[in-house]
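All figures in this text were calculated on a predicted structure; none of them were measured in a lab.
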Amino acid sequence: MTKAVALGNNFLLTAIASSFFCWLASLHPSLLLFVQALFALKLIISTTAWLLDDAIIALLGIDLLQFRFRLIGGTIGALVGVGVMLCRS
C-alpha cells in the first residue's frame with residue numbers, strides 16, 4: 001500500500017509540475033521555448049533511463065518493477081502537461 005501511495009505521489013507531482021510549466025508557457029512565447037527545452041531534456045533523460053535500466057537499478061538498489069512504474073508515472077504525468085500546453089495555445 002505504501003508503494004502505491006508513493007507511486008501515485010510521483011505521478012501527481014509530475015502532472016502538477018508539468019501542467020504548471022505549460023501554463024507558464026502559454027503566458028509568454030519565450031517561456032514556451034524554455035518549457036519545450038525542459039520537455040526535450042525530460043525525454044532524453046527518460047529514454048536513457050529506459051535503455052540503462054539494469055545499470056540504474058543496480059546502482060540505486062531498487063526493484064525493476066518499481067523503477068519502471070516510476071518511469072511510466074513520470075511519462076504519463078508529463079503527457080498530462082503537454083496536453084495542457086496544447087489545449088491552452
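Contact detail for Ser18 and Gly77: the closest heavy-atom pair is OG-O, 2.9 Å. Smallest separation of non-hydrogen atoms from Ala78 and Thr14: N-CG2, 3.7 Å.
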For residues 38-48, please give each side-chain donor-acceptor pair under 3.5 Å, one per line with the distance, not counting sequence neighbours.
unit_1 : atom_1 : unit_2 : atom_2 : d
Lys42  : NZ     : Ser46  : OG     : 3.1
Ser46  : OG     : Lys42  : O      : 2.9
Thr47  : OG1    : Leu43  : O      : 2.8
Thr48  : OG1    : Ile44  : O      : 2.8

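Residues that satisfy the side-chain contact (heavy atoms from CB on, under 4.5 Å) test with Ser30, not counting sequence neighbours, are His28. Legend: residues meeting side-chain contact (heavy atoms from CB on, under 4.5 Å) with Leu71, ordered by chain and number and at least two apart, are Ala49, Trp50, Phe67. By the side-chain contact (heavy atoms from CB on, under 4.5 Å) test, Leu65 is found to be paired with Asp63, Phe69, residues two or more places apart in sequence or in another chain being considered.
A distance of 13.5 Å separates CG in Leu32 from CZ in Phe21, rounded to the nearest 0.5 Å. Here CG of Leu24 is found 6.0 Å from CG of Leu31. Values are rounded to the nearest 0.5 Å.
A chain of hydrophobic side-chain contacts below 4.5 Å, direct or via other Ile, Leu, Val, Met, Phe, Trp or Tyr residues, connects Ile57 to Leu60. No continuous path of ILVMFWY side-chain contacts below 4.5 Å connects Val80 to Leu13, so the two sit in separate hydrophobic clusters. Grouping the Ile, Leu, Val, Met, Phe, Trp and Tyr side chains by contacts below 4.5 angstrom, directly or via other members, places Val5 apart from Ile62. Following chains of ILVMFWY side-chain contacts shorter than 4.5 Å, one cannot reach Phe11 starting from Ile16, and the two form parts of different hydrophobic clusters.
Residue pairs that meet the salt bridge (Lys or Arg N to Asp or Glu O under 4.0 Å) test with at least one member in residues 66-77, sequence neighbours left out, are Asp53-Arg68. Each salt bridge (Lys or Arg N to Asp or Glu O under 4.0 Å) pair with one or both residues in residues 19-32, not counting sequence neighbours, would appear here, but there are none.
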